[in-house]
Structures are given as structure tokens and as C-alpha cells.
Visitor: 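Next up is a structure, given as C-alpha cells.
Remember, it's a predicted structure, so these values are computed and weren't measured experimentally. Every chain is numbered from 1 and lettered A, B, ... according to where its sequence line falls, protein lines coming before strand lines.
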Amino acid sequence: MQIATWNINSLSVRLPQVLAWLEANPVDAIGLQELKLVDEKFPHDAFEAAGYHAVCFGQKTYNGVAILSRTPLRDVVRNIPGHGDEQARVIAATLDTPEGPLRLVNCYFVNGQAPGTEKFSYKLLWLEALRDWLRTELAAHPRLVLVGDFNVAPEDRDSFDPVGLKDTIHHTVEERQHFQDLLGLGLTDAFRLFDQPEKSYSWWDYRMLGFQKNRGLRIDHILVSTALRPSVTACRIDRAPRKNPQPSDHAPVVVSLG
DNA sequence: ATGGTCGCCCCGCGA
């Protein structure tokens with residue numbers, strides 16, 4: 001089976017591109033981030049017509065996440081339990097596979113703007129809360145996949161300019177330590193299980209011809225639990241949609257599970 | 001010479 005993640009930067013604008021991508025890439029499930037719309041405006045009918053069940057957690061103007069799945073979704077959780085948050089950043093659900101239940105956690109991690117700002121402090125607190133919740137979530141659901149826009153470039157090779165951007169947002173020691181903490185829970189970065197092209201990125205700034213110059217970051221990730229790791233057969237970033245007219249600034253990432 | 005990001009929803013903010 002295949003599971004994907006894609007920050008689409010407004011579902012209203014990007015719906016036709018999401019539907020076209022799903023038609024060309026009929027993944028079993030996908031986590032979407034930055035819907036930028038309220039639940040009342042979520043296009044359930046369009047996704048149902050495309051063959052997907054959907055659960056969403058929307059918000060006006062900012063944030064918003066959803067999971068689409070070929071098979072029904074159950075035990076839906078919205079945001080981190082016990083962590084008061086006005087921003088809609090997390091949705092988790094269980095889907096049933098022939099191999100057993102699979103827990104899919106889809107997150108739009110906090111951006112954090114810049115070290116030293118209030119937004120950065122909020123990012124670190126959010127990352128702590130996520131880590132603590134995921135520890136219990138993993139104990140309850142051994143077959144777990146964590147997907148999303150992590151807003152962290154885990155290593156220097158995940159940035160087009162690790163020297164010039166050292167200690168700036170997405171690159172700080174604190175953010176990278178939090179990424180390592182997630183791995184420490186028993187999660188594996190599926191992308192790095194395989195040989196990948198150099199300078200593989202999942203996000204490119206709209207400004208200054210970022211994509212054309214491949215000035216990007218790898219900040220969209222798929223992490224798999226220890227139980228799932230042996231079944232991972234591939235993981236790739238699909239740059240194609242970034243070449244579309246009116247693209248999202250992020251590309252989808254896809255993992256294949258045997 | 002001008003404009004050189006996008007999406008939100010109305011204007012400057014967040015990414």
C-alpha cells in the first residue's frame with residue numbers, strides 16, 4: 001500500500017490539483033496540511049467521488065489538516081489531547097489493512113518564524129507535547145505512520161544552504177533535536193531508508209525562483225514505527241506538481257509499504 | 001520602464 005503527505009497551501013485553490021494528482025497517483029491514504037478552510041467548506045463530495053473517505057480538522061484562513069483514505073477511518077483524534085491549542089494542526093485516525101490496523105498521524109508542525117520569537121517558543125512547546133503524546137500513541141498502536149509538514153530540515157543535506165542558513169528557522173539545534181527525539185520514540189525516516197538523489201527537497205520558496213534554482217528544504221516527512229519498518233519498500237518525493245501552474249510551494253512525499 | 005510570491009480577504013500578516 002502507499003501513503004502520502006502533501007502541504008497543499010489552501011484546499012480551495014488546490015482542489016483540482018489534488019484530485020488530478022490522486023488520479024495519477026492512486027495512493028491508499030494521504031495526509032493534507034494547510035487546508036486554510038473551515039470544516040463546513042471541506043469538499044467531501046469531490047473526494048467521495050474520487051473514491052476516498054475523508055476526515056478533516058479545519059480552521060479559517062490558517063492551518064487545517066485532513067486525512068483521505070480508500071478504506072474507512074475510525075478513532076479520529078483532533079489536535080494533541082491535553083494540549084490546549086487554538087490552531088488546527090493534528091488529525092489522527094486508524095484504517096484497517098489486511099495486515100491489521102494502521103494508525104496514521106497527520107501533522108502541520110508549527111513554522112516558528114525565527115529563533116527568539118514567541119512563535120518559536122510556541123513551536124518548541126508544541127514539539128514537546130507532540131513527542132509526549134506520540135509515546136503513548138505508539139504504545140497503543142504499534143503499526144503507526146507519522147506524516148506531515150514538519151517544518152524541520154533534519155540534517156544539513158536537507159537544506160540547499162546549510163552554512164548560510166545555520167541556526168535559522170528549520171535548521172536550529174533545538175528543532176533538529178526534537179526531530180531526533182521523534183526517532184528516539186522508535187520512528188524511522190522512511191526517505192532515508194533508500195538511496196536518494198542529492199539535493200532532494202520537498203519545499204521551495206515561491207520567491208526568487210526558488211524551485212527553478214532548486215533552493216529548497218526537505219521539511220515534509222514520513223516516519224514509520226519499528227513494526228512497519230521492515231515492510232517499507234520505497235519512499236520518494238514527487239516534484240511534478242511543483243511544476244504546475246499555481247502550484248503549492250510543497251511537493252507530495254509517498255511511502256510504499258509491502 | 002516596470003516588476004519581480006502566494007493566499008487570506010481587504011490589508012497587512014503568516015509562511
Side-chain angles (χ1 to χ4, degrees), chain A residues 5-21 31-43 46 56-66 79 84-91 106-127 130 147-154 158-162 164-172 174-176 178-179 200-221 237-253:
Chain A
T5 179
W6 194 6
N7 179 323
I8 51 168
N9 187 16
S10 169
L11 183 53
S12 302
V13 172
R14 227 69 66 194
L15 178 61
Q17 290 185 49
V18 174
L19 293 171
W21 189 83
L32 302 173
Q33 305 92 37
E34 278 207 271
L35 309 183
K36 295 186 174 180
L37 50 68
V38 293
D39 288 344
E40 291 70 32
K41 294 186 177 175
F42 188 85
C56 61
F57 183 32
Q59 182 183 333
K60 180 181 161 68
T61 309
Y62 305 112
N63 311 309
V65 285
N79 266 355
D85 195 345
E86 294 177 359
Q87 306 189 13
R89 297 187 170 278
V90 177
I91 189 164
N106 174 37
C107 300
Y108 176 47
F109 287 53
V110 178
N111 176 292
Q113 195 176 52
T117 65
E118 283 186 19
K119 292 192 178 74
F120 190 75
S121 303
Y122 164 59
K123 180 174 197 171
L124 296 183
L125 288 172
W126 187 93
L127 284 164
L130 179 75
V147 307
D149 172 1
F150 283 53
N151 273 314
V152 179
D158 299 313
S159 171
F160 72 96
D161 186 9
L165 295 173
K166 182 176 162 61
D167 297 331
T168 67
I169 200 68
H170 304 120
H171 301 70
T172 66
E174 295 97 321
E175 292 166 282
R176 288 177 166 178
H178 270 290
F179 189 88
S200 285
Y201 308 127
S202 66
W203 170 86
W204 302 261
D205 202 309
Y206 285 123
R207 295 165 286 191
M208 298 182 295
L209 302 173
F211 182 66
Q212 290 86 334
K213 296 178 178 174
N214 198 29
R215 294 165 59 89
L217 305 175
R218 191 176 72 93
I219 55 176
D220 300 87
H221 307 297
I237 297 169
D238 183 6
R239 294 165 53 96
R242 190 62 176 80
K243 301 170 185 170
N244 291 344
Q246 281 192 292
S248 167
D249 43 356
H250 295 254
V253 186

Visitor: Could you name each residue pair satisfying side chain to side chain donor-acceptor pair (under 3.5 Å) that touches residues 110-121 of chain A, not counting sequence neighbours?
Guide: none

Visitor: Under 4.0 Å, counting only non-hydrogen atoms across every strand here, what does A:Phe211 touch: a base, just sugar-phosphate, or nothing?
Guide: nothing

Visitor: Quickly work out the A:Leu35 CG to B:dG7 C1' distance and round it to whole Å.
Guide: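 After rounding, the reported distance stands at 14 Å.
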
Visitor: Could you list the residues that satisfy side chain to side chain contact (heavy atoms under 4.5 Å, CB included) with A:Arg215, not counting sequence neighbours?
Guide: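 Expected list: A:Phe160, A:Lys213.
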
Visitor: Return whichever of A:Leu11 or A:Gln87 has its heavy-atom-nearest nucleotide of DNA chain B closer to the 5' end.
Guide: A:Leu11

Visitor: If the condition is salt bridge (Lys or Arg N to Asp or Glu O under 4.0 Å), which residues does A:Asp158 pass it with, not counting sequence neighbours?
Guide: A:Arg192, A:Arg218

Visitor: Would you please name every residue forming a side chain to side chain donor-acceptor pair (under 3.5 Å) with A:Asp205, sequence neighbours left out?
Guide: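 Partners of A:Asp205 under the side chain to side chain donor-acceptor pair (under 3.5 Å) test: A:Arg207.
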
Visitor: Measure up the A:Phe109 and A:Phe150 rings against each other and bin them: parallel (under 30°), tilted (30 to 60°), perpendicular (over 60°).
Guide: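 Parallel.
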
Visitor: What's the CD-C1' distance between A:Gln59 and B:dC8, to the nearest Å?
Guide: 12 Å

Visitor: Hey, does the side chain of A:Lys60 come within less than 4.0 Å of B:dC8's phosphate (OP1/OP2), counting only N and O?
Guide: no

Visitor: With the side chain of A:Thr61 defined as its heavy atoms from C-beta on, choose the nearest nucleotide among B:dA15, B:dG14, B:dC8.
Guide: B:dC8

Visitor: What integer distance in Å separates A:Leu37:CG from B:dG7:P?
Guide: 14 Å

Visitor: Nucleotides 2-6 of chain B: which of its N/O atoms have a protein N/O under 3.5 Å away?
Guide:
unit_1: B:dT5; atom_1: O4'; unit_2: A:Tyr206; atom_2: O; d: 3.3

Visitor: Rounding to a whole Å, what distance do you find between A:Tyr62:OH and B:dC8:P?
Guide: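 After rounding, the reported distance stands at 11 Å.
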
Visitor: Using salt bridge (Lys or Arg N to Asp or Glu O under 4.0 Å) as the criterion, list what pairs up with A:Asp39, not counting sequence neighbours.
Guide: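 In terms of salt bridge (Lys or Arg N to Asp or Glu O under 4.0 Å), with neighbours along the sequence ignored, A:Asp39 is linked to no residue.
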
